[in-house]
Undergrad: 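Got a structure for you, questions after.
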Protein chains: 4
Amino acid sequence: MTRPLRADAARNRRLLLAAAADEFAERGLDASVADIARRAGVGKGTVFRHFATKDDLLAAIVLDRIDALNAAGERLLEAADPGAALLEFLTVAAHQRQQRDLSFLQEAGELTEEVTKVRAQMFHTVHRLVDRAREHGAVRADVTGADVILLMCAPNYVTSYVPGASPDLWQRYLAIIFDGLRPEGAHPLPHPPPLTP
Amino acid sequence: MTRPLRADAARNRRLLLAAAADEFAERGLDASVADIARRAGVGKGTVFRHFATKDDLLAAIVLDRIDALNAAGERLLEAADPGAALLEFLTVAAHQRQQRDLSFLQEAGELTEEVTKVRAQMFHTVHRLVDRAREHGAVRADVTGADVILLMCAPNYVTSYVPGASPDLWQRYLAIIFDGLRPEGAHPLPHPPPLTP
Amino acid sequence: MTRPLRADAARNRRLLLAAAADEFAERGLDASVADIARRAGVGKGTVFRHFATKDDLLAAIVLDRIDALNAAGERLLEAADPGAALLEFLTVAAHQRQQRDLSFLQEAGELTEEVTKVRAQMFHTVHRLVDRAREHGAVRADVTGADVILLMCAPNYVTSYVPGASPDLWQRYLAIIFDGLRPEGAHPLPHPPPLTP
Amino acid sequence: MTRPLRADAARNRRLLLAAAADEFAERGLDASVADIARRAGVGKGTVFRHFATKDDLLAAIVLDRIDALNAAGERLLEAADPGAALLEFLTVAAHQRQQRDLSFLQEAGELTEEVTKVRAQMFHTVHRLVDRAREHGAVRADVTGADVILLMCAPNYVTSYVPGASPDLWQRYLAIIFDGLRPEGAHPLPHPPPLTP
DNA sequence: AATGAATGAGAGTTCATTCAT
DNA sequence: GATGAATGAACTCTCATTCAT
């Protein structure tokens with residue numbers, strides 16, 4: 001379908017994705033295309049040759065991230081201890097997110113069909129990880145895959161409020177939240193889970 | 001110090017604050033002053049008569065919110081059951097935040113001295129609420145006020161990802177997170193708490 | 001024709017003219033009406049009650065100045081020494097202008113019919129002062145009233161370039177220019193005088 | 001250091017400088033960037049691509065003018081007749097200024113370091129021209145370079161008051177003022193010269 | 001394929017002027 | 001008569017996007 005890029009074009013594409021991820025992480029969605037191009041060491045026009053709009057560039061970054069998560073998820077579905085596997089998945093996700101904060105991805109709306117697709121795939125993986133963990137008694141009975149999907153980004157989110165925080169601070173809040181997901185000492189939940197995502 | 005506004009001016013100020021809160025909630029910090037003015041049904045110039053800069057407008061909104069929280073916090077410091085009081089405080093905070101999502105407040109940096117002051121006050125109140133709850137065995141020993149401050153906004157944050165969600169969905173995640181704060185079934189935390197905020 | 005102002009209105013008018021002259025002198029034509037009102041200690045609306053537009057306010061100031069000049073001119077037409085009288089007139093004009101720089105008046109275009117009228121009157125006075133001086137051999141034969149009118153503001157203009165200059169520096173340049181108007185050592189002029197003003 | 005502009009960019013830069021000089025001459029410093037762009041036949045954004053701020057644009061124009069003056073000044077320092085050289089310099093300066101009135105340059109404050117530098121250079125040149133002329137008895141003993149710098153712009157200034165004047169009218173007033181600088185018939189000056197500029 | 005010059009819509013902000021109080 | 005709140009046009013400047021080179 002898509003023919004392979006010329007070697008230099010492929011290289012530029014890679015440079016651009018990296019530069020854009022860095023810029024977006026530092027400046028948020030307001031990072032300018034000009035700055036991204038400069039950081040990548042290419043002309044502004046080249047950005048638009050590779051990504052028709054700024055949003056497309058964003059979508060490509062998000063796609064990369066979710067793809068990586070999906071790979072980790074698939075692997076962990078095979079793990080021996082389902083509870084540990086789920087915690088490991090959340091750890092991988094938070095670690096990845098810590099590398100470069102892309103929390104604004106949510107603001108970016110629907111982005112692309114392709115992003116929607118891999119995101120759905122990722123959601124499916126999480127659901128299966130959670131189902132397995134629940135069956136093994138590692139998470140409480142009243143918690144669903146959708147719950148975990150939503151809570152997944154919370155550790156990074158809450159630590160983003162602390163200016164000079166240790167880069168590993170998210171581990172603390174992932175632990176607290178994961179404790180909240182365990183069966184021990186669980187109180188009944190006052191509201192049913194959402195159907196989606 | 002500041003004499004009372006004329007009736008119509010006071011009304012416009014109120015309209016503006018409401019319109020701005022709505023716009024900011026919907027569009028984030030990038031909401032334009034022009035749109036806010038249109039939504040409030042006033043001219044663009046009127047916005048700047050009431051709030052010298054866009055940031056001042058933002059600060060005024062944030063100030064209102066934190067003030068309300070402070071009032072609730074002071075009241076709950078007198079409550080009989082410290083554990084219930086802390087949960088109630090978090091419930092009030094999340095409920096308020098659900099009304100209009102102002103999660104972007106964090107992006108807005110220091111805003112005003114006044115905001116910094118009432119925020120510090122709020123932080124202090126939370127610390128005291130948490131201390132009381134911990135002493136009564138309502139929250140685990142290794143959790144601090146700073147932890148709660150950071151986790152406070154998480155319930156709203158995670159539910160903001162669900163497009164057509166029930167407006168009360170946050171209650172579910174507050175419950176899960178609060179379960180994570182309880183002493184029962186607590187696992188040791190892998191990272192020390194932050195010093196600030 | 002114009003009925004007398006109420007006492008307080010007259011007072012406000014005077015305050016406004018003074019405040020406006022000061023502001024214009026300090027900030028140039030870009031001085032804001034709001035600042036003028038504040039300086040005069042009245043509301044912004046009051047400015048427009050007295051002067052329909054900002055330009056009208058400017059015209060009123062200019063009118064005052066030219067009126068004062070006219071009075072001086074009329075008086076000096078009676079003086080015994082026509083050469084000294086002309087120099088005295090130019091000294092008065094420059095001194096007045098030094099008090100508050102209104103050089104921008106020229107930028108302000110035609111202003112008002114009334115200004116045009118008193119300005120014409122002033123021009124006429126200068127012509128007569130020059131004619132008398134020329135007849136007495138105090139100024140060179142090839143110099144006209146129009147020439148003097150044009151050169152009249154030059155001393156203030158050139159000193160306005162010196163930031164912290166002595167307020168009397170204009171006297172030096174008036175002296176030099178006046179020496180250029182004298183018959184002694186005059187070289188023929190390369191261009192005929194203008195017809196107006 | 002700065003590599004040459006692309007052909008079309010260089011052309012636009014030239015068009016912009018010309019259009020800006022015209023607009024500034026006609027409307028003063030308040031000329032709008034939009035009008036300048038329209039006059040140059042380019043988009044508004046193009047102005048800011050070439051000149052980061054409106055002030056930079058102004059500085060570029062001023063720089064051009066002063067550079068040209070400096071060239072003339074250097075050349076005239078070599079001239080045989082120092083008195084004629086000074087008069088010629090003032091003639092060149094006034095002629096240049098007549099082309100497009102940039103008297104507002106003074107209002108523009110310090111502009112750029114670079115402007116400050118070439119201006120200082122120009123001042124130095126004038127001082128030397130005046131010193132030579134004074135030594136040759138072509139100008140009076142009590143006149144300094146600073147005096148001439150200040151008086152330099154007066155001929156254009158005074159003629160700017162005459163609406164439909166001959167474009168060469170300034171020659172008349174330069175002649176009168178220069179006569180005032182000559183030793184013949186000089187009266188003592190009532191005020192010492194300024195130290196700067 | 002890559003560049004960066006050009007574009008113009010739109011941002012925040014100012015201010016002369018109008019008008020309800 | 002006096003006030004200052006409201007207005008909206010105009011300002012400088014930014015930036016995603018297009019297109020000639």
Side-chain angles (χ1 to χ4, degrees), chain A residues 5-13 30-38 41-57, chain B residues 5-13 16 30-37 40-57, chain C residues 5-9 12-13 30-38 41-57, chain D residues 5-13 16 30-37 40-57:
Chain A
L5 291 168
R6 254 172 46 179
D8 56 345
R11 186 174 151 279
N12 274 347
R13 202 191 134 90
D30 289 345
S32 83
V33 173
D35 284 346
I36 291 171
R38 195 172 308 119
V42 304
K44 223 183 339 178
T46 304
V47 181
F48 289 96
R49 162 161 298 275
H50 286 278
F51 307 96
T53 70
K54 192 183 177 181
D55 279 354
D56 283 354
L57 174 53
Chain B
L5 290 170
R6 240 167 58 179
D8 53 348
R11 185 176 149 277
N12 274 345
R13 202 190 134 92
L16 273 171
D30 289 345
S32 85
V33 172
D35 284 346
I36 292 170
V42 305
K44 212 173 11 166
T46 304
V47 181
F48 290 97
R49 155 160 289 276
H50 286 277
F51 307 96
T53 66
K54 191 184 176 181
D55 278 354
D56 283 354
L57 173 53
Chain C
L5 290 168
R6 256 172 44 179
D8 54 347
N12 274 346
R13 201 191 133 90
D30 289 344
S32 83
V33 173
D35 284 346
I36 292 171
R38 194 172 309 119
V42 304
K44 222 182 339 178
T46 305
V47 181
F48 289 95
R49 164 160 296 276
H50 285 277
F51 308 96
T53 69
K54 191 182 177 183
D55 278 354
D56 283 355
L57 173 52
Chain D
L5 290 170
R6 239 166 59 180
D8 54 349
R11 186 176 148 276
N12 274 345
R13 202 190 134 93
L16 273 170
D30 289 344
S32 86
V33 173
D35 285 346
I36 291 171
V42 304
K44 211 175 9 169
T46 304
V47 181
F48 290 100
R49 156 162 289 276
H50 286 276
F51 307 97
T53 67
K54 191 184 177 181
D55 279 354
D56 283 354
L57 174 52

Undergrad: From CG of D:D56 over to P of F:dT12, roughly how many Å is that when rounded to an integer?
TA: 14 Å
Undergrad: Expressed in angstrom and rounded to an integer, what is the separation of B:F51 atom CZ from F:dA6 atom C1'?
TA: 15 Å
Undergrad: Could you tell me the separation between the NZ atom of A:K54 and the P atom of F:dT17, rounded to a whole number of Å?
TA: 8 Å
Undergrad: Taking for each residue the nucleotide of DNA chain E with the nearest heavy atom, is it C:A34 or B:D35 whose nucleotide lies nearer the 5' end?
TA: B:D35
Undergrad: Phosphate oxygens OP1/OP2 of F:dC15: is one of them under 4.0 Å from a side-chain N or O of A:S32?
TA: no
Undergrad: How close do D:A37 and D:K44 get, heavy atom to heavy atom, and via which atoms?
TA: CB-CA, 3.8 Å
Undergrad: Could you tell me which non-hydrogen atom of C:K54 sits nearest to which non-hydrogen atom of C:F48, and how far apart they are?
TA: N-CE2, 4.4 Å
Undergrad: If the threshold is 4.0 Å, N to carboxylate O, is there a salt bridge linking C:R38 and C:D35?
TA: yes
Undergrad: How long is the line joining CG of B:L57 and P of E:dG12, in whole Å?
TA: 10 Å
Undergrad: Identify whether any heavy atom of B:A37 sits under 4.0 Å from a base atom; if not, whether one sits that close to sugar-phosphate; answer base, sugar-phosphate or nothing.
TA: nothing
Undergrad: From C-beta outward on D:F48, which listed nucleotide comes closest to its side chain: F:dT7, F:dT12, E:dT17?
TA: F:dT12
Undergrad: Under a 3.5 Å cut-off for both distances, is F:dT17 Watson-Crick or wobble paired, and to whom?
TA: E:dA6
Undergrad: Rounded to the Å, how far apart are A:R49 CZ and F:dT17 C1'?
TA: 14 Å
Undergrad: Map B:G45 and A:G45 onto DNA chain F by nearest heavy atom, then report which one ends up closer to the 5' terminus.
TA: B:G45
Undergrad: Taking only side-chain N and O atoms of C:H50, does any of them lie within less than 4.0 angstrom of OP1 or OP2 on F:dG1?
TA: no
Undergrad: Under a 3.5 Å cut-off for both contacts, is F:dA10 paired Watson-Crick or G-U wobble with anything, and if yes, with which nucleotide?
TA: E:dT13
Undergrad: If I compare all heavy atoms of B:H50 with all of B:L16, which pair ends up nearest, and what's the gap?
TA: CD2-CD1, 3.8 Å
Undergrad: Do D:L57 and D:V33 come close enough that some side-chain heavy atom pair is under 4.5 Å?
TA: no
Undergrad: Under a 3.5 Å cut-off for both distances, is E:dA1 Watson-Crick or wobble paired, and to whom?
TA: none
Undergrad: If I take atom CZ in residue C:R38 and atom P in nucleotide E:dA16, what distance separates them, rounded to the nearest angstrom?
TA: 11 Å
Undergrad: Could you give the CG-to-C1' distance, from D:D30 to E:dT14, as a whole number of Å?
TA: 13 Å
Undergrad: Distance check needed: E:dG12 P versus B:L16 CG, whole Å only.
TA: 14 Å
Undergrad: Testing B:T46, B:D56, B:I36 for side chain to side chain contact (heavy atoms under 4.5 Å, CB included) with B:F51, which one passes?
TA: B:D56
Undergrad: Considering every strand and a 4.0 Å limit on heavy-atom distances, what is the contact class for D:V47: base, sugar-phosphate, or nothing?
TA: nothing
Undergrad: Is any side-chain N or O of A:N12 closer than 4.0 Å to OP1 or OP2 of E:dA2?
TA: yes
Undergrad: Could you tell me whether D:A40 contacts a base, only the sugar-phosphate backbone, or nothing, with contacts defined as non-hydrogen atoms closer than 4.0 Å?
TA: nothing
Undergrad: Quick check: on DNA chain F, is the nucleotide nearest D:V33 upstream (toward 5') of the one nearest C:V42, or the reverse? Name the residue that is more 5'.
TA: C:V42
Undergrad: Respond yes when some side-chain nitrogen or oxygen of D:K44 is under 4.0 Å from OP1 or OP2 of E:dG8, and no when none is.
TA: no
